[in-house]
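Read through the structure below, which is laid out as structure tokens, and then see the notes.
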Amino acid sequence: MREKWILETKRGDFNGLAKKLQVPPLLIKCMINRGIESEEQMRKFLYGTLEDLHNPLSMKDMDRAVELVKKAREQETKLAIASDFDCDGIFSGYLLWKGFTRIGIDSKIFTPDRVQEGYGLNERIIREAKEEGRTFLVTCDNGIAANAEVALAKEQGMTVLVTDHHEVQEELPAADAVLDMKQEGETYPFSGLCGCGVAYKLICALYDEYNIPTEEKEELLVYVAIATVADVMELVDENRILVKYGLKLLSHTSHVGLRALLEVQGLAGKELNGGHIGFVIGPCFNAAGRIATVDKSFALLMETDYERALEKAEELKEINESRKRMTEEGAERAYELVEQRLIKSGKLPPVLILSLSSIHESLAGIIAGRVKERYHHPVIVFTDTEEGVVKGSGRSIEAYHMFQQLLVCKDLMLRFGGHKMAAGMTLKKENLPELDRRLNEAADLIEEDFRPVIRIDAAMPVGFVTEHLVKEFARLEPFGVANPKPVFAEQHFRILYGRRLGKEGKVLKLKVQNEKGSKMDAVLFRDVDAFEAFVCEQWGENELRRMYEGRENILDIAFTYYPSVNEYNGNKTVQIQIISYCHVAGTVNDTVQGQAEYGANKK
């Protein structure tokens, strides 16, 4: 699928703002491209501190929630924490447990069984908690759609506090207090917190009430950072600050379980970024809840002996490796289904509804994400569960609000929930064809919506990439949703030579040269086979062979890229990480070739 490259042309006082904020003008342009336009916004983005976080008491119902917890503490009421099995749910539950313990409240975490019970609060959790004498129920990362379950808990005489961040459906549950920035009449200035972020705000308000030292609030940022990145939240406003400071603390954490996990993953002592959470740490906790039991994640978090923690961390790592293998197998089956449909019909429907009967149901969402990335269509992957019932997990594209579209089909569901970019649902298998029909008939999508867009911050020759410039870009971290890595582009690269790296040859290392004669190492981390196929299609197999042999060839390629520094055996070299490539004249504005715009000066 050919991507659409768009060179951003937003204007601004790049030099003036750069001088005031003491950064290169190129960074100003990158911030303006991300909607950060005023000096005040930029200053907070670059230099925001924990003092810029919003007051927890400005959240609707927070004062009521604090009073309920205070009363529970005074009456020595035992609490039940109804958590979930994904990374956000795990760290929400753990943070609440840690916070409640610190102020002297007896609490216990309860989680649903992913396969047998599915997402969220359920009757079994409520009854077990009540039997144990736990009469105060606190949900985290769930509960906003659990109207029936909350009603049951109230019938059992329980106090119920819902803390969640998901979309409100038809009406709020009849809880004693609800903390969710998506509810009507919300007064909190930021609506993008994850479930753990909401839990953090509750504990901060309680710590303030009991005069717990500020340092102890800051220690909790590690858990919020992991949950925020792992739950793919937008790294803007408060989230950016929470993750930025959480990552600093994570690199030197004293938490036994997290230290052990960093050790077994080879990350101990390294400066961590959002990618380490998104691709290494988060998946380990998620994997336990997906294909094993979430108890293993909580066991690691609550372990106090380092040697035992190392054993548990190693087990989580192995579970995640198994999850990766199962995901690859399931994704290949999904690709086959899509290709069969493409061959049969000549084109794909707007929304891809795929049924993979024998995959582990917890992997449906990951596989849906893989299919979405490859074909750039909204995707829902279903798998059989109990007799006559299927569960699905969906991932969407920017032009399609999946939750709103599914809401119209609510009559077909046994249960569902989600947001714009992702959703989960359960329905009778007999309703699957009708869901497919309705979603595709109602999908108001055009062909242009199915083309992935690469937004280019600036056209910049690689000759202007220096180690100093790369260090300057680090000011924009942490990168993630709504704050992607800066993307640059240049046309007309010659390929001097190339070689595949790694045990399975999944990394491509190139030496490239631009029209000005600047040479640079370039690395491609994804789908090397597709790159080889592209070269063969454009110039033939002989030219691909000449590239690998380091012989003169006729390859002429445009790259979008992100600059980085490669460190090996103590030596540092600048390189570009290839994001996308093409052989189309005029992809990047030729007028800026050969000069560095926006002050990308060598130093």
Side-chain angles (χ1 to χ4, degrees), residues 3-49 52-54 165 167 181-182 186 188-194 197 225 228-229 231-245 247 273-275 278 396-401 419-422 448-449 451-460 469 472-489 560-563 579-580 588-589 592 597-600:
E3 296 138 329
K4 182 178 181 180
W5 290 11
I6 297 177
L7 179 61
E8 297 284 10
T9 57
K10 294 178 181 177
R11 309 309 298 175
D13 182 14
F14 304 126
N15 291 320
L17 287 167
K19 188 174 182 180
K20 290 178 181 178
L21 296 168
Q22 299 186 358
V23 296
L26 185 56
L27 264 68
I28 300 296
K29 178 164 175 39
C30 289
M31 286 189 282
I32 288 175
N33 288 344
R34 284 150 186 74
I36 305 157
E37 298 179 341
S38 70
E39 181 183 346
E40 181 182 356
Q41 289 174 321
M42 290 181 183
R43 196 172 295 280
K44 183 176 179 180
F45 184 88
L46 292 169
Y47 306 112
T49 69
D52 294 304
L53 296 177
H54 305 305
H165 73 120
E167 298 283 350
M181 303 82 57
K182 307 289 173 50
E186 180 56 62
Y188 198 69
F190 179 58
S191 63
L193 294 172
C194 67
T228 300
V229 175
D231 215 43
V232 202
M233 306 306 295
E234 291 189 347
L235 298 188
V236 297
D237 201 278
E238 275 199 315
N239 282 346
R240 174 173 171 78
I241 296 173
L242 293 168
V243 173
K244 185 176 181 178
Y245 280 86
L247 278 168
N273 57 44
S396 196
I397 60 176
E398 191 60 37
Y400 187 79
H401 198 304
H419 48 80
K420 178 181 178 179
M421 300 302 289
E448 195 67 13
D449 294 329
R451 285 184 66 188
V453 173
I454 304 293
R455 296 195 173 275
I456 301 165
D457 287 291
M460 183 173 70
L469 189 62
E472 290 292 331
F473 287 138
R475 293 172 179 257
L476 302 177
E477 293 187 11
F479 299 123
V481 179
N483 184 37
K485 286 183 176 180
V487 177
F488 305 103
T560 64
Y561 68 88
Y562 174 72
I579 297 170
S580 57
V588 184
N589 187 348
V592 297
E597 265 196 326
Y598 317 115

Straight-line distance of Arg43 CZ to Asp52 CG, nearest 0.5 Å: 11.5 Å
Side-chain donor or acceptor of Asn273 paired with backbone N/O of Gly275 under 3.5 Å: yes
Side-chain donor/acceptor of Lys182 to backbone N/O of His165, under 3.5 Å: yes
Side-chain heavy-atom pair Val487, Ile454 within 4.5 angstrom cut-off: yes
Closest non-hydrogen atom pair between Tyr47 and Val23, with its separation: OH-CG1, 4.0 Å
Side chains of Asp449 and Tyr400 in contact at under 4.5 Å (non-hydrogen atoms): no
N/O donor-acceptor pair under 3.5 Å between Ser396 side chain and His401 backbone: no
Inter-residue atom distance Ser580.OG - Ile456.CD1, 0.5 Å rounding: 7.0 Å
Donor-acceptor contact present, side-chain Asn239 to main-chain Glu234, <3.5 Å: yes
Gap between atom CG of Leu193 and atom CG of Asp237 - 0.5 Å precision: 8.5 Å
Leu247 side chain reached by Glu477 side chain, heavy atoms, under 4.5 Å: no
Arg451 side, atom CZ; Lys4 side, atom NZ - distance, nearest 0.5 Å: 6.0 Å
Inter-residue atom distance Phe45.CZ - Glu40.CD, 0.5 Å rounding: 15.0 Å
Pairwise side-chain contact, Arg11 with Ile32, heavy-atom cut-off 4.5 Å (strictly under): no
Ring centres under 6.0 angstrom apart (Phe488, Phe473): yes
Exercise: identify the closest heavy-atom pair between Met42 and Leu21: CB-CD1, 3.5 Å
Interatomic spacing from OG in Ser191 to CD in Glu167 - rounded to 0.5 Å: 8.5 Å
Atom of Lys29, atom of Ala458 and distance for their closest heavy-atom approach: CE-CB, 4.2 Å
Mutual orientation of the aromatic rings belonging to Phe190 and His54 [parallel < 30°, tilted 30-60°, perpendicular > 60°]: tilted
Within 6.0 angstrom of Lys420 NZ, more than 12 heavy atoms from elsewhere: yes
Heavy-atom side-chain proximity of Leu469 to Pro563 below 4.5 angstrom: no
Flag side-chain contact, heavy atom, 4.5 Å: Tyr562 against Ile579: yes
Check: Met31 and Ile28 side chains under 4.5 Å, non-hydrogen atoms: yes
pair Pro484-Arg34: side-chain heavy atoms closer than 4.5 Å: yes
Heavy-atom closest contact (Leu476 atom, Pro486 atom, distance): CD1-CG, 3.7 Å
Side-chain (Asn483) to main-chain (Leu235) donor-acceptor, under 3.5 angstrom: no
Gln41 side chain to Glu37 backbone, donor-acceptor under 3.5 Å: yes
Whether Glu186 side chain and Tyr188 backbone form a donor-acceptor pair below 3.5 Å: yes
Shortest non-hydrogen separation from Glu472 to Leu27 and the atoms involved: O-CD2, 3.2 Å
For Pro25 against Asn15, the heavy-atom pair lying closest together: CG-OD1, 3.3 Å
